[in-house]
Amino acid sequence: MVSPTVGSKLTLTINDTAFGGEGVARTDDFVVFVPFVAVGEVVEAEVTEVKKRFARARLLRVLQPSPDRVAPACRYFGDCGGCQYQHLAYPAQLQLKHKQVGDLFERIGGFDPALVAPIIPCPQPYGYRNRIMIRSQWDKFKQGLNIGFIRADNRLVVDLDECKIAEPALNEQIRQVRAHPPPRGGIKVVLRIPPEGWEVPPDSFFQNNFFLLPRLVEVVRDRLRQGGTRHLVDVYCGVGFFSLELAGMVESFAGVELDRLAIKAARSNAAARGCANGVFVDGAAEELLPELLARFTAGATTVLLDPPRKGCPPQMLRLLRQVRPAQVIYVSCHPATMARDLNVLCAEGVFKLAQVIPLDMFPQTSHVESVADLRSQLPAPESKPDLPTA
């Protein structure tokens with residue numbers, strides 16, 4: 001196997017798309033990753049990086065385009081690192097993401113890809129993001145600030161005045177930042193449209209797509225209804241979004257979140273809705289979960305997990321395997337870490353994966369939200385297991 005050299009130009013046929021958005025090609029059995037391409041295309045690319053087992057290349061031109069290729073809506077696409085799929089028609093993006101979720105669950109989790117349901121599309125593939133973070137960086141060549149997003153190919157900032165996947169109100173905020181720029185480079189500015197009817201502190205998490213959010217809630221509600229449980233433990237509950245959307249379906253609930261300001265907001269959101277059948281506690285989920293689970297009967301409890309991209313800590317997965325709640329609903333924007341965690345939960349038949357439902361909360365990008373429904377396959381311990389204390 002002869003590896004290519006940096007700077008060499010290759011004619012490549014794209015035969016797959018890796019999770020993250022890069023096309024996969026081979027030259028003399030050596031893998032080459034190329035961004036902004038489609039499966040089946042023949043392209044010319046220049047090698048930019050060579051590792052022991054693979055290389056990366058930048059796209060020079062498309063020699064034989066895919067029928068799924070379209071003109072990107074954004075003039076910064078290819079330079080800005082925010083989007084990976086604007087060159088693909090939206091139905092092709094959906095097919096690609098569905099395949100990628102299935103592939104990851106099979107390869108990392110050992111699950112049958114048939115368990116992955118058809119992906120739920122976003123009704124608005126552009127202009128959907130309600131939160132973005134722009135950066136300022138000093139450009140020594142033009143002797144001025146670049147204000148925008150990190151580039152696709154390095155850590156420099158692309159200077160831009162709009163984002164096609166952001167809601168129009170955020171683009172107006174971008175123009176305001178440009179009109180009144182930060183005093184220096186290296187400053188990050190978070191722009192956000194607050195969700196109507198919810199108290200959300202500036203740095204607390206909230207789903208970034210209002211247009212598909214009702215369907216996400218609908219999917220989680222449906223899985224909870226099918227689980228038939230009476231209690232809910234909402235882990236990584238944030239400002240209480242899922243807890244309060246699901247509160248009417250259970251006798252009681254408890255939410256836990258490390259962000260103290262988010263918990264304070266969750267309590268305010270509960271009070272504003274007259275919701276009194278649950279509690280919100282602040283602290284590390286893996287430390288507080290034993291106490292929360294001890295409040296409820298495991299066989300009548302659903303645990304909802306909505307962790308950060310890195311997934312759940314091993315301590316939490318071990319605890320869930322010990323307590324064995326009747327149902328675990330796992331919500332994640334990172335199917336690889338999700339598949340890894342579900343593999344641990346399902347080992348030795350403790351839980352069984354019923355279904356995975358992907359939702360395209362992030363059109364034009366390689367990211368995808370998924371909801372997984374797991375059911376306990378072993379009876380819960382008759383006595384409380386020897387759980388670690390908070």
Side-chain angles (χ1 to χ4, degrees), residues 105 109-112 115-117 216-237 240-257 275 277-281 285-307 311-332 338-357 370-390:
F105 267 75
F111 299 107
D112 183 350
L115 291 171
V116 180
L216 176 61
V217 173
E218 183 182 313
V219 167
V220 175
R221 278 181 178 158
D222 181 61
R223 303 320 296 189
L224 179 62
R225 186 180 300 110
Q226 292 187 39
T229 54
R230 304 195 314 272
H231 309 290
L232 174 70
V233 177
D234 183 4
V235 184
Y236 309 105
C237 69
F241 178 74
F242 280 121
S243 293
L244 298 176
E245 288 289 337
L246 304 172
M249 300 178 63
V250 293
E251 294 176 11
S252 58
F253 72 86
V256 59
E257 169 62 51
C275 182
N277 64 324
V279 296
F280 291 105
V281 293
E286 56 270 27
E287 295 175 4
L288 293 176
L289 193 56
E291 177 186 338
L292 295 177
L293 290 174
R295 299 184 183 190
F296 306 123
T297 302
T301 300
T302 292
V303 172
L304 190 150
L305 303 171
D306 188 6
C312 295
Q315 178 184 351
M316 182 178 297
L317 301 177
R318 287 195 298 269
L319 176 62
L320 290 171
R321 285 174 56 84
Q322 281 183 280
V323 177
R324 299 196 290 275
Q327 181 183 41
V328 175
I329 298 175
Y330 195 128
V331 182
S332 173
M338 185 188 205
R340 177 203 66 199
D341 289 351
L342 298 193
N343 174 268
V344 173
L345 290 173
C346 293
E348 300 165 334
V350 175
F351 289 94
K352 182 179 180 180
L353 179 61
Q355 193 170 41
V356 181
I357 304 97
S370 297
V371 177
D373 180 2
L374 291 85
R375 308 296 175 88
S376 176
Q377 295 301 290
L378 299 176
E382 291 185 8
S383 60
K384 298 288 184 184
D386 186 16
L387 302 176
T389 57

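Fair warning: this is a prediction, and the values are worked out from it, not measured in the lab.
When every heavy atom of G311 is checked against every heavy atom of Y236, the shortest pair comes out as O-OH, 4.5 Å. The two residues A354 and R375 come nearest to each other via the heavy atoms CB-CG, 4.5 Å. Closest approach of F351 to R324, counting heavy atoms only: CZ-CA, 4.0 Å. When every heavy atom of R321 is checked against every heavy atom of C346, the shortest pair comes out as NH1-C, 4.4 Å. When every heavy atom of Y330 is checked against every heavy atom of P307, the shortest pair comes out as OH-CG, 3.4 Å. The minimum heavy-atom distance between A326 and G299, with the atom names listed, is CB-O, 3.4 Å.
Between the CD atom of Q226 and the CD1 atom of I329 there is a distance of 9.5 Å, given to the nearest 0.5 Å. One distance of note links CD of Q327 with CG of D373; it measures 4.5 Å at 0.5 Å rounding. Summarising the geometry, atom CG belonging to L342 is positioned 5.0 Å from atom CG belonging to L374; distances are rounded to the nearest 0.5 Å. Of the inter-residue distances, the one linking R340 atom CZ with L345 atom CG reads 10.5 Å to the nearest 0.5 angstrom. Here the OG-CD1 distance, from S370 to I357, works out to 8.5 Å after rounding to the nearest 0.5 Å. The distance from atom CD of Q377 to atom NZ of K352, rounded to the nearest 0.5 Å, is 6.0 Å.
For R318, there are no salt bridge (Lys or Arg N to Asp or Glu O under 4.0 Å) partners at least two apart in sequence or on another chain. N277 pairs by the side chain to side chain donor-acceptor pair (under 3.5 Å) definition with nothing, not counting sequence neighbours.
Panel note: side chain E286, backbone L319; no donor-acceptor pair is recorded below 3.5 Å.
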Could you walk me through whether D222 and R225 pass side-chain contact (heavy atoms from CB on, under 4.5 Å), step by step?
CA-CA 5 Å; D222 181 61; R225 186 180 300 110; 3.8 Å; yes
Take F280 and E257 through the side-chain contact (heavy atoms from CB on, under 4.5 Å) test and state the conclusion after the steps.
CA-CA 8 Å; F280 291 105; E257 169 62 51; over 6 Å; no
Begin with the C-alpha distance, continue with both residues' side-chain angles, and end with the deciding distance and a verdict on side-chain contact (heavy atoms from CB on, under 4.5 Å) for L224 and V250.
CA-CA 9 Å; L224 179 62; V250 293; 4.2 Å; yes
Go through it in stages, so that I can follow the logic: the residues are Q355 and R223, the test is side-chain contact (heavy atoms from CB on, under 4.5 Å), and I'd like the CA-CA distance, side-chain angles, deciding distance and then a yes or no.
CA-CA 9 Å; Q355 193 170 41; R223 303 320 296 189; 3.0 Å; yes
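Ring geometry for F105 against F111 counts as tilted: the plane angle lies between 30° and 60°, on a 0 to 90° scale.
Residues L320 and L305 are in side-chain contact: their nearest non-hydrogen atoms beyond the backbone lie under 4.5 Å apart. Contact annotation: the side chain of E291 never approaches that of V281 to less than 4.5 Å [non-hydrogen atoms, C-beta and beyond].
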Anything under 3.5 Å between a donor and an acceptor, one on a side chain of residues 242-249, the other on a protein residue two or more places apart or in another chain? List them.
unit_1: S243; atom_1: OG; unit_2: D234; atom_2: OD2; d: 2.6
unit_1: E245; atom_1: OE1; unit_2: R221; atom_2: NH2; d: 2.8

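Looking at V303, V233, L293, T301 one by one, the single match for side-chain contact (heavy atoms from CB on, under 4.5 Å) with V323 turns out to be L293.
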